[in-house]
**Student:** 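This is the structure I want to talk about, given as structure tokens.
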Amino acid sequence: MEIKYYIGLAVALFCIGVAGVLTRRNAIIIFMCIELMLNAVNVLLVAFSKMHALSALGKAMPSVVSDGQLFVFFIMVVAAAEVSVGLAIIVMMYRNVHAVDVNFLNRLKN
Amino acid sequence: MSITEILFWFLTAMALGSAIMVITSRSPVHSVLWLIVTFFAISGHYIMMNAQFLAIVNIIVYAGAIMVLFLFVVMLMNLNAESEPQKNRMLQFAGLLAGGCLFLVILASLMKATETSSMVQLGSGNEGLIKNLGKALFNDYVIPFEISSVLFLSAMIGAVLIGKKEKAEHDGN
């Protein structure tokens with residue numbers, strides 16, 4: 001499979017995530033769209049790592065291939081930590097304003 | 001068309017279709033379930049690229065742990081009713097337009113790029129196996145690995161601190 005199809009897949013997933021963040025008002029769905037964008041980047045990292053398994057750079061420096069996949073692992077680690085804190089913040093917000101609509105957050109200013 | 005190409009296009013259609021369903025379905029519970037389908041499709045892509053460790057971690061961590069956490073929060077808040085007010089159609093249209101424009105711009109730059117027909121190794125190569133990734137993780141990436149444990153500890157403490165009820169403040173109010 002050529003790399004351009006994987007780039008196209010990742011770009012499409014990322015842009016669906018961006019459109020979701022911009023159109024939806026529900027804080028939980030916005031958060032899920034951020035997860036979607038992170039996963040699009042993960043797909044791209046793994047595809048490039050497997051591309052360099054065949055390229056001259058990967059032949060000269062074999063650690064390039066496993067580095068890309070370890071970056072994905074660390075992205076997943078950070079995403080898990082981020083989700084736990086973010087959902088706690090959303091629960092706290094729901095407890096205070098009894099809604100998860102992000103439009104209610106403009107009360108932050110006064 | 002070989003079997004790997006058929007699998008690639010099937011998994012791609014599955015990922016994109018369920019990702020679109022995530023942002024279009026009205027009920028948040030349905031969005032969570034569609035996102036789990038997306039993660040399974042992405043795991044299928046990882047397996048096709050022989051990144052088996054990442055495929056398993058993706059299923060266990062994302063589809064297993066994170067999405068269950070989302071599902072718990074959605075069900076705790078009782079949001080399965082259609083509670084989202086959709087008044088501003090103009091704003092929605094602008095958001096879709098912005099996402100579509102970003103997609104077109106990146107795709108157009110991809111058309112101009114060179115070497116986009118390099119092949120991706122499918123179904124072979126042992127770099128994505130647990131043995132090799134574990135060796136790389138515990139030789140070259142020991143420090144980031146340990147720092148991520150500190151990150152998890154602080155995230156855990158932060159979640160508990162944010163999530164617990166503040167008794168004194170509620171009494172004061």
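Since the structure is predicted, the reported quantities are computational estimates derived from the model, not experimental observations. Naming: A, B, ... by sequence-line order, numbering from 1 per chain.
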**Student:** With the side chain counted from C-beta on, respond yes when B:F8 and B:M48 share a heavy-atom pair under 4.5 Å apart, and no when they do not.
**Tutor:**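 Contact flag for B:F8/B:M48 side chains = yes.
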**Student:** Looking at B:V61, B:L97, B:L133, B:V160, which makes the most heavy-atom pairs under 4.5 Å with chain A?
**Tutor:**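 With the most close heavy-atom pairs to chain A, the winner is B:L133.
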**Student:** Report the option among B:G99, B:G158, B:S31 that has the most heavy-atom pairs separated by less than 4.5 Å from atoms of chain A.
**Tutor:**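 Top option by heavy-atom pairs under 4.5 Å: B:S31.
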**Student:** Check whether any side-chain heavy atom of A:E82 sits under 4.5 Å from a side-chain heavy atom of A:L38, and report yes or no.
**Tutor:**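 Yes, at least one pair of side-chain atoms sits under 4.5 Å.
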**Student:** Counting only non-hydrogen atoms closer than 4.5 Å, does A:F48 touch chain B with its backbone (N, CA, C, O), its side chain (CB onward), both, or neither?
**Tutor:**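 Contact with chain B involves no heavy atom of A:F48 at all.
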**Student:** Relative to chain A, which segment of B:V32 carries a heavy atom at a distance below 4.5 Å: side chain, backbone, both, or neither?
**Tutor:**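 Answer is both: backbone and side chain atoms of B:V32 are under 4.5 Å from chain A.
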**Student:** Got A:F71 and B:Y141 here, is their nearest side-chain heavy-atom distance under 4.5 Å?
**Tutor:**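 Contact flag for A:F71/B:Y141 side chains = yes.
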**Student:** Considering only heavy atoms and a distance below 4.5 Å, find which of A:L22, A:I3, A:V83 pairs most often with chain B.
**Tutor:**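 Between A:L22, A:I3, A:V83, the count favours A:I3.
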**Student:** When you measure from the side chain of A:K50 to the backbone N and O of B:N50, does any donor-acceptor pair fall under 3.5 Å?
**Tutor:**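 Absent.
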**Student:** Heavy-atom distances under 4.5 Å only: say whether A:L45 touches chain B with side chain, backbone, both or neither.
**Tutor:**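 Neither the backbone nor the side chain of A:L45 comes within 4.5 Å of chain B.
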**Student:** Looking at B:G163, is its backbone amide N or carbonyl O close enough to the side chain of A:R95 to form a donor-acceptor pair, meaning the two atoms are under 3.5 Å apart?
**Tutor:**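 Confirmed, A:R95 side chain pairs with B:G163 backbone.
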**Student:** Which one, A:I30, A:V18, A:I90, A:L13, leads in non-hydrogen pairs under 4.5 Å with chain B?
**Tutor:**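 Looking at each option in turn, the highest pair count goes to A:L13.
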**Student:** When heavy-atom pairs shorter than 4.5 Å are enumerated against chain A, which of B:T38, B:N58, B:V57 gives the highest number?
**Tutor:**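 Looking at each option in turn, the highest pair count goes to B:N58.
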**Student:** Please tell me whether A:Q69 and A:D67 have a donor and an acceptor in their side chains that are separated by less than 3.5 angstrom.
**Tutor:**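 Side chains of A:Q69 and A:D67: no pair found under 3.5 Å.
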**Student:** For B:L153, enumerate each residue passing the side chain to side chain contact (heavy atoms under 4.5 Å, CB included) test, keeping only those at least two apart in sequence or located in another chain.
**Tutor:**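 Expected list: B:M156, B:I157.
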**Student:** Name the member of A:F31, A:F73, A:Y6, A:F14 that forms the most heavy-atom pairs with chain B at distances under 4.5 Å.
**Tutor:**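 Top option by heavy-atom pairs under 4.5 Å: A:Y6.
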**Student:** For the interface with chain B, which of A:L36, A:N39, A:I7, A:V85 has the highest count of heavy-atom pairs at distances below 4.5 Å?
**Tutor:**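 Most pairs with chain B among the choices: A:N39.
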**Student:** For A:F74, is it the side chain, the backbone, both or neither that has a heavy atom under 4.5 Å from a heavy atom of chain B?
**Tutor:**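 For A:F74, side-chain heavy atoms alone lie under 4.5 Å from chain B.
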**Student:** Against chain B, work out which of A:V78, A:V65, A:V21 has the most heavy-atom pairs shorter than 4.5 Å and name it.
**Tutor:**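 Greatest number of close heavy-atom pairs with chain B: A:V65.
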**Student:** Taking B:A98, B:P144, B:A15, B:S154 one by one, which has the highest count of heavy-atom pairs under 4.5 Å against chain A?
**Tutor:**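 Most heavy-atom pairs under 4.5 Å with chain A: B:P144.
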**Student:** Contact part of B:S25 toward chain A, heavy-atom cut-off under 4.5 Å: side chain, backbone, both or neither?
**Tutor:**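 Interface part for B:S25: backbone (N, CA, C, O).
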**Student:** Please state whether the side chain, the backbone, both or neither of B:L96 comes within less than 4.5 Å of a heavy atom of chain A.
**Tutor:**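 Both backbone and side chain.
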**Student:** Answer yes or no: is there a side-chain heavy-atom contact under 4.5 Å between B:M119 and A:M1?
**Tutor:**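 No, side chains not in contact.
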**Student:** Which bit of A:I16 comes within less than 4.5 Å of chain B, counting heavy atoms only: side chain, backbone, both or neither?
**Tutor:**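 Contact with chain B: backbone and side chain both.
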**Student:** Could you work out, with salt bridge (charged side-chain N to carboxylate O under 4.0 Å, His left out) as the rule, every residue matching A:E2, not counting sequence neighbours?
**Tutor:**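 By the salt bridge (charged side-chain N to carboxylate O under 4.0 Å, His left out) rule, A:E2 matches A:K4.
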**Student:** Got a sec: does the CD1 of B:I130 have more than 12 other heavy atoms crowding it under 6.0 Å?
**Tutor:**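 Check fails, neighbour count at 12 or below.
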**Student:** Would you compute the distance between atom SG of A:C15 and atom CG of B:L107 and round it to the nearest 0.5 angstrom?
**Tutor:**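 Interatomic distance, A:C15 SG to B:L107 CG, rounded to 0.5 Å: 8.5 Å.
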**Student:** So which residue, B:I42, B:D140, B:L151, B:V22, ends up with the most heavy-atom pairs under 4.5 Å with chain A?
**Tutor:**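 Most heavy-atom pairs under 4.5 Å with chain A: B:I42.
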**Student:** Considering residues, nucleotides and ligands other than B:F152, do more than 12 of their heavy atoms fall under 6.0 Å from its CZ?
**Tutor:**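 Enclosed.
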**Student:** Could you tell me which of B:F39, B:F72, B:F70, B:F53 has the largest number of non-hydrogen atom pairs under 4.5 Å with chain A?
**Tutor:**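 Highest number of heavy-atom pairs under 4.5 Å: B:F70.
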**Student:** Does any backbone or side-chain atom of B:F93 lie under 4.5 Å from a heavy atom of chain A? Answer side chain, backbone, both or neither.
**Tutor:**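 Neither part.
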**Student:** Are B:S18 and B:L35 side-chain neighbours, meaning at least one heavy-atom pair lies under 4.5 Å?
**Tutor:**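 No, too far: nothing below the 4.5 Å cut-off.
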**Student:** Name the region of B:S124, side chain, backbone, both or neither, that has any atom closer than 4.5 Å to a heavy atom of chain A.
**Tutor:**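 Only the backbone of B:S124 comes within 4.5 Å of chain A.
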**Student:** Can you say whether B:L110 sits under 4.5 Å from chain A via the side chain, the backbone, both, or neither, judging by heavy atoms?
**Tutor:**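 For B:L110, side-chain heavy atoms alone lie under 4.5 Å from chain A.
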